[in-house]
Undergrad: 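I have a structure I would like to understand better, so I am pasting it below and will then ask my questions one at a time.
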2 protein chains.
Amino acid sequence: MTPAEAIKAKPPTPRERARAQTIADIIRLGREHLALHGAAALSLRAVARDLGVVSSAVYRYVENRDELLTLLLIDGYNELGDQVDTAVDAVPEDDFPGQFKALGVAVRAWALREPASYSLLFGSPVPGYQAPGERTTVPGTRVIFRLVGIFDAAYRAGALDAHVSPAVVIPPALAEDLAAIRSEMNLAAPDASLARGVLAWTSVFGAVSFEVFGQYGLDTFKARDQLFEHQLGVLQGVVGLQG
Amino acid sequence: MTPAEAIKAKPPTPRERARAQTIADIIRLGREHLALHGAAALSLRAVARDLGVVSSAVYRYVENRDELLTLLLIDGYNELGDQVDTAVDAVPEDDFPGQFKALGVAVRAWALREPASYSLLFGSPVPGYQAPGERTTVPGTRVIFRLVGIFDAAYRAGALDAHVSPAVVIPPALAEDLAAIRSEMNLAAPDASLARGVLAWTSVFGAVSFEVFGQYGLDTFKARDQLFEHQLGVLQGVVGLQG
DNA sequence: CAAAGTCAAGAGCAATGCTCTCATTTGTTG
DNA sequence: CAACAAATGAGAGCATTGCTCTTGACTTTG
């Protein structure tokens, strides 16, 4: 089937158009169910009902439940990636601290707007489901690529405080991992900066996850916007941006 | 029923003992299933099978699936709390940085040993399940209570660097939240320290979650122990312990 | 126009959570 | 010690899920 599509000429037949539209509808309905009832409660039968079709019919378009999960996963990664990209692009090219903050704020805003999708992407793995790396790796790494892009651009522009305050030593094994990352991603920043970039990455998502997953009590923090912005501010200092 | 138990004298009748034993067995089997198949796949029927009993029989002991989830939740919180307590208690009373590091290492070690339980406690909420706050709040706050305990003890002992490096301002609304926490938990540390304590808290769990939930690629980081210890070291500096 | 390809419907299987009824076991009490 | 009541387990049953298979109809294409 897939080779047939590849061979076929560019103009999509009406049938192909209809098929693509149906799949898009399934994804849309899947997202609604995801938002309403959560990832593990996502039911192909319910989607079929909403689509006005009998359950077995959706199997013509989606191989099984895991396939739908994968589609939603990719959809979510790309939506988050788009949000982050536009937010960061709106900041002046040389304002690296601003870009960092914009990235963090964008991640949090999207997560709070789409908690179920965020849970699917960054929460506990859905039992019995293993994401197919060959399809999810690229969209799944957009945010971290963008983040290290900001760091590295700042470093190359001399805007990154490379010798960070308490000089914590980096053991050789960790340095090896960092070196591999540096060469694979074509980076210039030194080990200490890279390591702190990783910390910023995990910390941002840790803070967002706490909020989305309800780890803060119900009313321990009322000023959550300010709390998060404050945390971003501290992380800026940790990472060497605007120290 | 419950009032009858309350009236009853202290010595538990053999029936009560048997009942307690059966519930303990159910929790044990539930944990096994949790570890093997994940939270959302936890099935009362499967537990019943393993217990050698028909499915409806377990409803005599556990009200429903959510109740079992609650029991496992409390069980997990307490096990994690115990691990953290013993790890921190093993450090000299005046070695606050050591206590902080011991807490972080204990959390991570338990999470990696019991990934399914960790997911249940700190991952995406199970769809349709709402933890009953009146039963889970106390065990669920043991770690954070211990963490702020370390901070505050360090502060009172003069071992906490209170004027942290980049003086990020704390907006009034956030200061209000922090003041409420300070009075509720009987703390002495100033706003900046408390806020950084919160950051350390979320960052530690963010780092652990990334590892447990497989957000790092499969082989991006081989030296994960060193990475985590390094992150703890940086966080020590951020928080004002051994800066 | 007819063949080939595509699609929806429906039945059906193995699970699940949960409820109900009924019989049996168990502990207490007259 | 016997009778009674409470606790327990078994089994049937209902609605739900994911998924497969067959059948009939429809659309596109040669």
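Note on naming: letters A, B, ... go to the chains in the order of the sequence lines (proteins, then strands), and numbering restarts at 1 for each one.
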Undergrad: Can A/Thr70 and A/Tyr129 be counted as having a side-chain donor-acceptor contact under 3.5 angstrom?
TA: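 There is such a pair (donor and acceptor under 3.5 Å, judged by atom type) between the side chains of A/Thr70 and A/Tyr129.
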Undergrad: Which nucleotide sits closest to the side chain of B/Ser56: D/dG11, C/dC18, C/dA9?
TA: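 For B/Ser56, the side-chain atoms sit closest to D/dG11.
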Undergrad: Would B/Phe122 and A/Phe213 count as a close aromatic pair, with their ring centres under 6.0 Å?
TA: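 Centroid distance B/Phe122-A/Phe213: not below 6.0 Å, so no.
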Undergrad: Rounded to whole angstrom units, what separation is found between the CZ atom of A/Arg65 and the P atom of C/dT16?
TA: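 Rounding to the nearest Å, CZ of A/Arg65 and P of C/dT16 are 15 Å apart.
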Undergrad: Any residue in residues 39-54 of chain B with a heavy atom nearer than 4.0 angstrom to DNA chain D? Just list them by number, or reply none.
TA: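 Close to the strand are B/Arg45, B/Val53, B/Val54.
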Undergrad: Rounded to the nearest angstrom, tell me the gap between atom CG in A/Asp25 and atom P in C/dA8.
TA: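 The answer, rounded to whole Å, is 12 Å.
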Undergrad: How long is the straight-line distance from CG of B/Leu42 back to NE2 of B/His37, given to the nearest 0.5 Å?
TA: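 Separation between the atoms: 10.0 Å.
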Undergrad: Can you tell me how far the OG atom of B/Ser117 sits from the CZ atom of B/Arg31, to the nearest 0.5 Å?
TA: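 So the gap between those two atoms works out to 4.5 Å.
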Undergrad: Can you check the B/Arg19 CZ to C/dG27 P distance for me, whole Å?
TA: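 For the pair B/Arg19 CZ and C/dG27 P, the rounded distance is 14 Å.
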Undergrad: Among side-chain atoms of B/Thr202 and A/Tyr216, is any donor-acceptor pair under 3.5 angstrom?
TA: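 No, A/Tyr216 and B/Thr202 have no side-chain donor paired with an acceptor closer than 3.5 Å.
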Undergrad: Can you tell me how far P of C/dC7 sits from CD of A/Glu16, to the nearest Å?
TA: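 Computing the A/Glu16:CD to C/dC7:P distance gives 10 Å.
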Undergrad: Regarding A/Ser124 and B/Ser119, is there a side-chain donor-to-acceptor distance under 3.5 Å anywhere?
TA: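 The criterion, which ignores hydrogens and geometry beyond distance, is not satisfied for B/Ser119 and A/Ser124.
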Undergrad: So for atom CD, which belongs to B/Glu67, do other residues, nucleotides or ligands contribute more than 12 heavy atoms lying within a distance under 6.0 Å?
TA: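 Counting neighbours around CD of B/Glu67, more than 12 heavy atoms of other residues, nucleotides or ligands fall under 6.0 Å, so yes.
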Undergrad: Taking only the side-chain nitrogens and oxygens of A/Tyr61, find out if one of them lies under 4.0 Å from OP1 or OP2 of C/dA8.
TA: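 Answer is yes, contact under 4.0 Å.
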Undergrad: Strictly under 4.0 angstrom, non-hydrogen atoms only: write out the protein contact profile of nucleotides 23-30 of chain D, one letter per nucleotide from the 5' end, B, S or -.
TA: ----BSS-
Undergrad: Would you mind reporting whether A/Val84 and A/Leu80 have side-chain heavy atoms less than 4.5 Å apart?
TA: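 A/Leu80 reaches A/Val84 side chain to side chain.
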Undergrad: Starting at atom CG of A/Leu69, determine the distance to atom C1' of D/dG18, rounded to an integer number of angstrom.
TA: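 To the nearest whole Å, that distance equals 13 Å.
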Undergrad: Quick one: A/Leu68 CG to D/dG18 P, roughly how many Å, whole number?
TA: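 Distance check: A/Leu68 CG to D/dG18 P gives 10 Å.
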Undergrad: Which class fits the ring pair A/Phe205 and B/Phe210: parallel under 30°, tilted 30 to 60°, perpendicular over 60°?
TA: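 It falls in the tilted class, 30° to 60°.
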Undergrad: Within this structure, what is the CG-to-P distance between A/Asn64 and D/dT20, rounded to whole angstrom?
TA: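 Going from CG in A/Asn64 over to P in D/dT20 covers 7 Å.
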Undergrad: Given atom OH of B/Tyr59 and atom C1' of D/dA7, what is their separation to the nearest angstrom?
TA: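 The answer, rounded to whole Å, is 19 Å.
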